[in-house]
Protein chains: 2
Amino acid sequence: MTRFVLDDFLPYQLAVLAERTSREFSALYRERFGISIPEWRVVAHLSQAGTVSVREIHARVAMDKSKVSRAAARLEAAGYITKTVDPRDRRLVALSLTEKGRAMMEEIAPLAEAFQAEFLARLGARAEDFREALAVLLEPQGKDEAPEEEGIQGEAGARARAR
Amino acid sequence: MTRFVLDDFLPYQLAVLAERTSREFSALYRERFGISIPEWRVVAHLSQAGTVSVREIHARVAMDKSKVSRAAARLEAAGYITKTVDPRDRRLVALSLTEKGRAMMEEIAPLAEAFQAEFLARLGARAEDFREALAVLLEPQGKDEAPEEEGIQGEAGARARAR
DNA sequence: GTGACTTCATTGCACACGCAATGAAGGTGC
DNA sequence: GCACCTTCATTGCGTGTGCAATGAAGTCAC
């Protein structure tokens, strides 16, 4: 008789906390710039990565390709980024921030820092440990064998299947 | 020059972790019973709360009223819950688990426990602190004054507004 | 009882999402 | 070059979602 208590269930707690936090933070930039959460993620990633493809973002930012694609389309329409075809590989679309996009990011970044600081302040001394735990949990948890140290290049291995 | 790094940004980390965790866990019951995450939440809450209204769940489980309503409709169609009009207050809809619903919950609960245990195992000694931190962060963060110690009964206080 | 207001649950609507399919482009073996 | 496979980005489609509007039911003052 397990008397299950939803409020103490971790996936539930995480979902609630994450949604609340994201929503609260997104209100800050949504008002000012009218961008959505996926759009924010794309911009934020671009600001640190320079010029990258949709594929790159999809892989690094845990968003479906279509989500990235649509976010990029909206951002381009709003003038925050440019989309150009990569001349080396014409399948790739090179995304990069416009001046307007950089200006926006320049304005949001401090808000983000402040938001996070305030968030962590609620934890007091526990903050450090919490961040550490989060980092552990975010490690790509494997069904693949041991992580094999460093030497893997970007693309994962198990590609050989065919028929 | 703030060199913002998305991967180290807390709202982002939480969102990624929460989504991954929920998705992973939901796969367990989705396959077996074909219910979605909102439906799972409703069932889980009913299993601990007995018979309750849509409103109650909406308030306690951080889901939009319409989401609860639709989840309930699907659950009823699938035979996991019943919806009846509360005779005391005919606006209220009383939700409660059917035998089939209870059986399902009886089967999922151990899976949930196991899932959570495995999840926490990854944190090792940090697990305890992590849960504590989570609890702190989940406290209804107030614009309302101080939380006022214990003595509040179930329903929150700030009801007296009117005009 | 009537009127004004509030509280519930549901539903309409516009929109975002996930997933699979599409089509363009690149790579490879011969 | 040609056939075949893979990799990208986009798009079509069915579905879920949030928000506002609706309508039923309750409450209160008078």
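Quick note: numbers below take in every heavy atom, side chains included, and nothing from hydrogens, waters or symmetry partners. Letters A, B, ... mirror the listed sequences (proteins, then strands); counts begin at 1. Everything numeric in this text was worked out from a predicted model, so none of it was measured.
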- Could you tell me whether the side chains of A:Thr82 and A:Ser96 share a donor-acceptor contact shorter than 3.5 Å? yes

- Query: Hey, what's the ring geometry for B:Phe4 with B:Phe9, parallel, tilted or perpendicular (30° and 60° as the breaks)?
  - Reply: perpendicular

- Query: Near DNA chain C, under 4.0 Å by heavy atom, which residues of residues 30-39 of chain B?
  - Reply: none

- Pairs involving residues 72-103 of chain A, ordered by first then second residue, that meet ring-ring contact (aromatic ring centres under 6.0 Å, His included) (sequence neighbours left out): none

- Query: Just how large is the angle between the end axes of the helix from C:dG1-D:dC30 to C:dC30-D:dG1, five pairs per end, to 10 degrees?
  - Reply: 20°

- Message: Output the rounded distance in Å from CZ (B:Arg55) to P (D:dG26).
- Response: 17 Å

Could you tabulate the donor-acceptor pairs under 3.5 Å formed by side-chain atoms of residues 60-75 of chain A, not counting sequence neighbours?
residue	atom	partner	partner atom	Å
A:Arg60	NH2	B:Asp7	OD2	3.2
A:Asp64	OD2	A:Ser66	N	3.0
A:Asp64	OD2	A:Ser66	OG	2.6
A:Arg74	NE	A:Glu39	OE2	2.4
A:Arg74	NH2	A:Glu39	OE2	3.4

- Using heavy atoms and a sub-4.0 Å distance, could you list which residues of residues 57-80 of chain A are near DNA chain D? By number, please. A:Lys65, A:Ser66, A:Ser69, A:Arg70

- Note on the structure: Contacts satisfying salt bridge (charged side-chain N to carboxylate O under 4.0 Å, His left out) that involve residues 77-95 of chain B (not counting sequence neighbours) are B:Asp89-B:Arg91

- State, yes or no, whether a side-chain contact exists between A:Ile108 and A:Leu28 at a heavy-atom distance under 4.5 Å. no

- Message: Can you list everything that forms a salt bridge (charged side-chain N to carboxylate O under 4.0 Å, His left out) with B:Glu118? Sequence neighbours excluded, please.
- Response: none

- Message: Run the ring pair (Phe, Tyr, Trp, His ring centres under 6.0 Å) test against A:Tyr29 and tell me which residues pass, sequence neighbours left out.
- Response: A:Phe25, A:Trp40

- Going by heavy atoms closer than 4.0 Å, what residues in residues 81-94 of chain A are next to DNA chain D? A:Lys83, A:Arg91, A:Leu92, A:Val93

- Under the ring pair (Phe, Tyr, Trp, His ring centres under 6.0 Å) test, which residues partner B:Phe130, sequence neighbours left out? A:Phe130

- 5' precedence on DNA chain D between A:Glu19 and A:Glu56 (nearest-nucleotide basis): A:Glu56

- Contacts of A:Glu128 that satisfy side-chain contact (heavy atoms from CB on, under 4.5 Å) - sequence neighbours left out: none

- Message: Would the distance check show the side chain of B:Gln48 and the main-chain N or O of A:Leu6 forming a donor-acceptor pair, the cut-off being under 3.5 Å?
- Response: yes

- Where the side chain of B:Ser47 meets the backbone of B:Ala44, is there a donor-acceptor pair that is under 3.5 Å apart? yes

- Query: What residues form a side-chain contact (heavy atoms from CB on, under 4.5 Å) with B:Arg32, not counting sequence neighbours?
  - Reply: B:Glu107, B:Leu111

